[in-house]
Amino acid sequence: MDGFNIKMENSLKFRACIFDFDGILVNSEIILVKLWVKAADECGYLFQEEAFNLCLGRTGPDIKQIQLDHFGKDYPFDTIYGKVQEYFKQEIDKNGLPLVPGVLDVRQFLEDLHIDMAVASSTYRDEVLYRMKRAGLDHLFNTVLGGDDIKNPKPAPDIFLKAAEALRASPADCMVIEDSESGVLAAKVAGMKVVMVQNLSPITDTMRENADGIFHSHAELLQFLKQNSSLAVGN
């Protein structure tokens, strides 16, 4: 069932919000899937969107193993990955990085309520900071964590627990905004509330079972938050 479960409202109070990055703040994944298709084709492989969806919310080493399992041990992952990174840098250096529609409205609403916020991504932190600069987000979040800041990547809870520690908030007081199954599971294992804003990743039964709410856009999430602003407890 999509949308917030009203029965759970009393347990959804939060004073800190942790944003995933790719697919939640920036629309990098829409660009990247096209580049994976292009780079794989140049190396003689047919790369389809389903293969990309398996990699959403994962670190580089995880993505490599997932793709080797999918395409076989002869798959030239390092070559293709290098091409993707080169093409992606060229693209965003030229055109910038588009934001996910409505996300800045959500962020501003939370700031107005004095909610502490952080970014927690499976992408390595230097790359997140670079992408944030290209997207014009570099001045909006004081706390930014990447996949190289923790030992165990999503769906392990490490990245979200570290973000909560940085925000000096207990996990139970945090709400996570995610778009991938691995991210939803990581937040749930961390003992946090988690809402999903759908982007490229299809909504799975696992997401429905573990997310406290599923929204089709940030505008839909913002509408809910405005109608239930008492859930957000600022400092």
Side-chain angles (χ1 to χ4, degrees), residues 1-30 53 56-57 98-121 135 137 140-144 154-155 157 159-161 163-164 167 169-235:
M1 181 177 63
D2 298 342
F4 258 80
N5 184 336
I6 301 301
K7 295 178 183 177
M8 299 180 67
E9 278 190 12
N10 289 335
S11 65
L12 281 171
K13 287 186 179 293
F14 63 97
R15 76 166 192 81
C17 184
I18 304 170
F19 290 76
D20 178 41
F21 184 64
D22 295 289
I24 287 296
L25 282 168
V26 296
N27 254 333
S28 52
E29 294 169 344
I30 292 174
N53 289 341
L56 293 173
L99 301 179
V100 178
V103 69
L104 290 186
D105 295 329
V106 172
R107 184 208 163 275
Q108 187 61 56
F109 178 76
L110 295 175
E111 182 179 275
D112 291 344
L113 291 176
H114 307 290
I115 297 297
D116 296 326
M117 289 176 280
V119 174
S121 174
L137 294 171
L140 294 179
F141 293 91
N142 293 325
T143 301
V144 178
K154 303 172 187 178
I159 189 76
F160 292 133
L161 292 174
L167 294 174
S170 69
D173 288 333
C174 295
M175 184 179 79
V176 175
I177 305 178
E178 263 286 355
D179 71 318
S180 70
E181 183 175 287
S182 62
V184 168
L185 289 172
K188 206 63 178 177
V189 173
M192 300 177 179
K193 296 86 176 175
V194 55
V195 297
M196 178 187 168
V197 176
Q198 188 181 16
N199 200 318
L200 286 190
S201 182
I203 299 172
T204 65
D205 289 340
T206 298
M207 291 173 179
R208 291 187 179 94
E209 291 167 6
N210 290 277
D212 295 301
I214 297 176
F215 298 92
H216 299 296
S217 67
H218 283 298
E220 194 175 288
L221 170 60
L222 180 59
Q223 181 182 9
F224 173 84
L225 291 173
K226 286 182 175 179
Q227 292 172 348
N228 299 274
S229 58
S230 62
L231 298 175
V233 184
N235 292 330

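Heavy atoms only: backbone and side chains are in, while hydrogens, waters and symmetry mates are out. The residues of the chain are indexed from 1 along the displayed sequence.
- The backbone N or O of V194 lies less than 3.5 Å from a partner atom in the side chain of D212, making a donor-acceptor pair.
- Here the options are L110, L222, L225, the test is side-chain contact (heavy atoms from CB on, under 4.5 Å), and the partner is D105; only L222 passes.
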Next item on the list: Show your reasoning for whether side chain to side chain contact (heavy atoms under 4.5 Å, CB included) applies to H218 and I177.
Entry: CA-CA 10 Å; H218 283 298; I177 305 178; 4.2 Å; yes

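- One finds the CD atom of Q198 at 8.0 Å from the CE atom of M207 (value rounded to the nearest 0.5 Å).
- Using a distance-only test at 3.5 Å, with no hydrogens or angles considered, a donor-acceptor pair links the side chain of N210 to the main chain of T206.
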When the side chains of residues 20-28 are checked against the rest of the protein, which donor-acceptor pairs come out under 3.5 Å, sequence neighbours left out?
| residue | atom | partner | partner atom | Å |
| --- | --- | --- | --- | --- |
| D20 | OD1 | K154 | NZ | 3.1 |
| D22 | OD1 | S28 | OG | 2.4 |
| D22 | OD1 | R131 | NH1 | 2.8 |
| D22 | OD2 | T123 | OG1 | 2.9 |
| D22 | OD2 | R131 | NH1 | 3.3 |
| N27 | OD1 | N199 | ND2 | 3.0 |

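- The OG atom of S121 sits 13.0 Å away from atom CD1 of I18, with the distance rounded to the nearest 0.5 Å.
- Of all heavy-atom pairs spanning L56 and S201, the tightest one is CD1-CB, 3.5 Å.
- Looking only at distances, a side-chain donor or acceptor of R107 sits under 3.5 Å from a matching main-chain atom of L140.
- With sequence neighbours excluded, the residues forming a side-chain contact (heavy atoms from CB on, under 4.5 Å) with A164 are C174, M192, listed by chain and number.
- A side-chain donor-acceptor contact under 3.5 Å links E111 and Q108.
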Next item on the list: Give the C-alpha distance, both sets of side-chain angles, the deciding distance and a yes or no for side chain to side chain contact (heavy atoms under 4.5 Å, CB included) between F19 and V103.
Entry: CA-CA 10 Å; F19 290 76; V103 69; 4.1 Å; yes

Next item on the list: Tell me, with the steps shown, if V176 and V195 meet side chain to side chain contact (heavy atoms under 4.5 Å, CB included).
Entry: CA-CA 6 Å; V176 175; V195 297; over 6 Å; no

Note to self: I203 vs H216, test: side chain to side chain contact (heavy atoms under 4.5 Å, CB included). Steps then yes/no.
What the structure shows: CA-CA 10 Å; I203 299 172; H216 299 296; 4.2 Å; yes

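- A 6.0 Å sphere centred on CG of N142 holds no more than 12 heavy atoms belonging to other residues, nucleotides or ligands.
- When all heavy atoms of A190 and F160 are compared, the closest pair comes out as CB-CB, 4.3 Å.
- In this structure, M175 CE and F14 CZ are separated by 4.0 Å, a value rounded to the nearest 0.5 Å.
- The minimum heavy-atom distance linking L167 with A118 is given by the pair CD1-CB, 3.8 Å.
- Interatomic distance, CZ of R15 versus NE2 of H114, reported as 13.5 Å (0.5 Å rounding).
- Note that SG of C17 and CG of D116 are 10.5 Å apart. Values are rounded to the nearest 0.5 Å.
- Taking CG of D179 as the reference point, atom CG of L200 lies at 8.0 Å (rounded to 0.5 Å).
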